[in-house]
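None of these values were measured; they are calculated from a predicted model. Computed over heavy atoms, backbone and side chain alike; hydrogens, waters and symmetry mates excluded.
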Amino acid sequence: MLDSFYYLAGSPGPSGFGSKSTAEQVTASSPLPLPSLTAIITGATSGIGAETARVLAKRGVRLILPSRNLKAAEETKSRILSECSDSQIIVMPLDLSSLSSVTNFVHQFQSLNLPLNLLINNAGKFSHEHAISEDGIEMTFATNYLGHFLLTKLLVNTMVETAKETGVEGRIVNVSSSIHGWFSGDMIKYLGQISRNKSRNYDATRAYALSKLANVLHTHELARRLKQMEANVTVNCVHPGIVRTRLTRDREGFITDLVFFMASKLLKTIPQAAATTCYVATSPRLSHVTGKYFSDCNEASPSKLAASPTAAARLWSTSEIMVNSKSKLVFDPNNGLE
């Protein structure tokens with residue numbers, strides 16, 4: 001009850017920021033050398049991602065905006081340039097639901113010979129309709145988690161080298177959701193069940209919760225591995241808050257409109273929703289802080305399952321198999337991956 005009061009009041013936490021803080025506010029006094037940084041931001045064509053990109057560009061960060069919709073990405077670039085004419089912004093093609101597209105994007109990015117300081121895995125999908133990716137994975141999981149897993153895997157060495165050469169800590173931010181706590185059960189088994197062309201067990205909300213749980217577990221396991229490498233790169237995940245963005249575009253209608261109207265007092269504006277991502281990406285207070293979960297610009301506790309090292313290690317192993325497979329995966333509906 002007290003937490004709810006603090007949220008509604010926008011009371012600042014230990015960081016000095018709270019639920020009402022905006023992305024511009026949390027980055028206003030950052031002493032980090034933002035004008036010398038390069039960031040990749042997925043899902044930056046609208047909503048939270050677009051605001052994250054705008055604010056970081058305003059602070060001088062060079063942006064790489066990968067997108068499946070290049071027209072939308074170019075429009076985002078134009079809007080940012082109209083406000084920040086000196087911004088350096090590169091638009092590149094990327095479909096996160098396709099592992100080959102992720103690989104192609106990384107090859108194209110690396111051909112630019114640019115450093116990489118920030119990787120913000122922001123893109124998200126919530127689709128009511130059941131669909132399977134070209135790689136044989138349920139579409140929400142493929143887009144929200146597996147594509148980002150491969151993207152991070154292929155870019156992490158570049159980030160490690162950039163941090164080593166510049167002395168500036170690299171940061172990876174995974175955008176999750178408090179909805180990750182709605183998932184319970186065997187993750188891999190459920191993924192196997194919904195990654196069939198005709199799934200009778202598909203629930204759009206549970207599939208989304210699974211993908212967001214995977215984002216948190218990925219954060220924990222990657223943090224552990226980066227520590228073992230003694231890399232000057234951190235990884236943390238964030239819950240941006242409740243905000244109506246294009247994420248809900250597949251659920252437009254009377255019920256969705258009614259729910260969002262009734263919950264209007266709990267909703268954040270987009271600048272407020274982008275604050276935690278920008279805070280975690282730039283705040284000097286978080287130097288060497290890694291493997292944590294943040295909400296309202298302050299550290300928070302994820303679900304019990306999300307904090308399980310065993311679950312994180314199991315998901316990592318399964319993910320490695322999924323992204324390394326040369327042929328479409330086959331799932332056993334009772335046991336998961338075959």
Side-chain angles (χ1 to χ4, degrees), residues 37-42 96 99 102-103 105-107 109-110 115-123 137 141-176 180 183 187-188 191 210-239 277 280-283 286-294 299-325 329 336-337:
L37 303 185
T38 299
I40 292 176
I41 308 172
T42 67
L96 281 163
L99 298 179
V102 174
T103 301
F105 165 77
V106 172
H107 288 160
F109 170 74
Q110 290 176 336
L116 182 58
N117 308 93
L118 304 175
L119 173 59
I120 300 177
N121 292 321
N122 166 82
I137 309 296
F141 189 87
T143 304
N144 295 0
Y145 167 69
L146 194 62
H148 283 128
F149 173 86
L150 179 59
L151 181 68
T152 306
K153 172 185 170 70
L154 296 178
L155 289 172
V156 72
N157 285 339
T158 301
M159 296 192 71
V160 171
E161 287 304 313
T162 298
K164 191 178 297 184
E165 291 172 5
T166 63
V168 178
E169 180 180 83
R171 295 189 181 184
I172 300 167
V173 182
N174 289 330
V175 178
S176 181
H180 79 268
F183 186 89
M187 295 177 63
I188 308 305
L191 177 61
L210 171 67
S211 71
K212 295 291 101 178
L213 172 60
N215 292 147
V216 184
L217 291 170
H218 175 221
T219 300
H220 292 322
E221 181 63 14
L222 179 57
R224 185 186 70 80
R225 289 169 180 258
L226 288 169
K227 281 182 179 179
Q228 282 187 338
M229 293 170 58
E230 298 184 348
N232 188 22
V233 177
T234 65
V235 54
N236 292 289
C237 59
V238 304
H239 164 55
T277 298
V280 172
T282 66
S283 174
L286 301 185
S287 178
H288 305 303
V289 174
T290 192
K292 304 299 183 182
Y293 176 79
F294 288 83
E299 188 177 336
S301 298
S303 69
K304 183 178 179 180
L305 180 55
S308 167
T310 302
R314 183 181 180 223
L315 175 64
W316 186 285
S317 297
T318 303
S319 302
E320 287 280 12
I321 294 171
M322 288 191 283
V323 300
N324 288 327
S325 178
L329 296 170
L337 187 67

Inset, instruction - Check each of S319, S176, S211 against Y145 using the side-chain hydrogen bond (donor to acceptor under 3.5 Å, both in side chains) test, and report the only one that passes. - result: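 Running side-chain hydrogen bond (donor to acceptor under 3.5 Å, both in side chains) over S319, S176, S211 with Y145 returns exactly one hit, S319.
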Report yes if some heavy atom in the side chain of [X] is under 4.5 Å from a heavy atom in the side chain of [Y]; otherwise report no.
| X | Y | answer |
| --- | --- | --- |
| V323 | L146 | yes |
| L222 | T152 | yes |
| N215 | H180 | no |
| L315 | E221 | no |
| E161 | N157 | no |
| F105 | T42 | no |
| F109 | L154 | no |

As an exercise, state the distance from [atom1] of [X] to [atom2] of [Y], rounded to the nearest 0.5 Å.
| X | Y | atom1 | atom2 | value |
| --- | --- | --- | --- | --- |
| T234 | I172 | OG1 | CD1 | 7.5 Å |
| K212 | C237 | NZ | SG | 10.0 Å |
| T277 | I41 | OG1 | CD1 | 9.5 Å |
| L96 | N144 | CG | CG | 9.0 Å |
| N174 | H148 | CG | NE2 | 8.0 Å |
| L191 | T318 | CG | OG1 | 8.5 Å |

Does any N or O in the side chain of [X] come within less than 3.5 Å of the main-chain N or O of [Y], such that one atom is a donor and the other an acceptor?
| X | Y | answer |
| --- | --- | --- |
| N117 | G170 | no |
| T162 | L116 | yes |
| R171 | S283 | yes |
| N236 | K292 | yes |
| H220 | A306 | yes |

Inset, instruction - Just say parallel, tilted or perpendicular for the rings of W316 and F149, cut-offs at 30° and 60°. - result: perpendicular
Heavy-atom closest pair, residues [X] and [Y]:
| X | Y | answer |
| --- | --- | --- |
| A311 | S308 | N-OG, 3.1 Å |
| L226 | V156 | CD2-CG2, 3.8 Å |
| V233 | A163 | CG2-CB, 4.3 Å |
| A223 | T290 | CB-OG1, 3.4 Å |
| L305 | L217 | O-CD2, 3.6 Å |
| E169 | L286 | OE1-O, 3.9 Å |

Legend entry - Test side chain to side chain contact (heavy atoms under 4.5 Å, CB included) applied to H288 and N232, step by step: CA-CA 8 Å; H288 305 303; N232 188 22; 4.1 Å; yes
Inset, instruction - Evaluate whether atom CD of Q228 has more than 12 neighbouring non-hydrogen atoms of other residues, nucleotides or ligands under 6.0 angstrom away. - result: yes
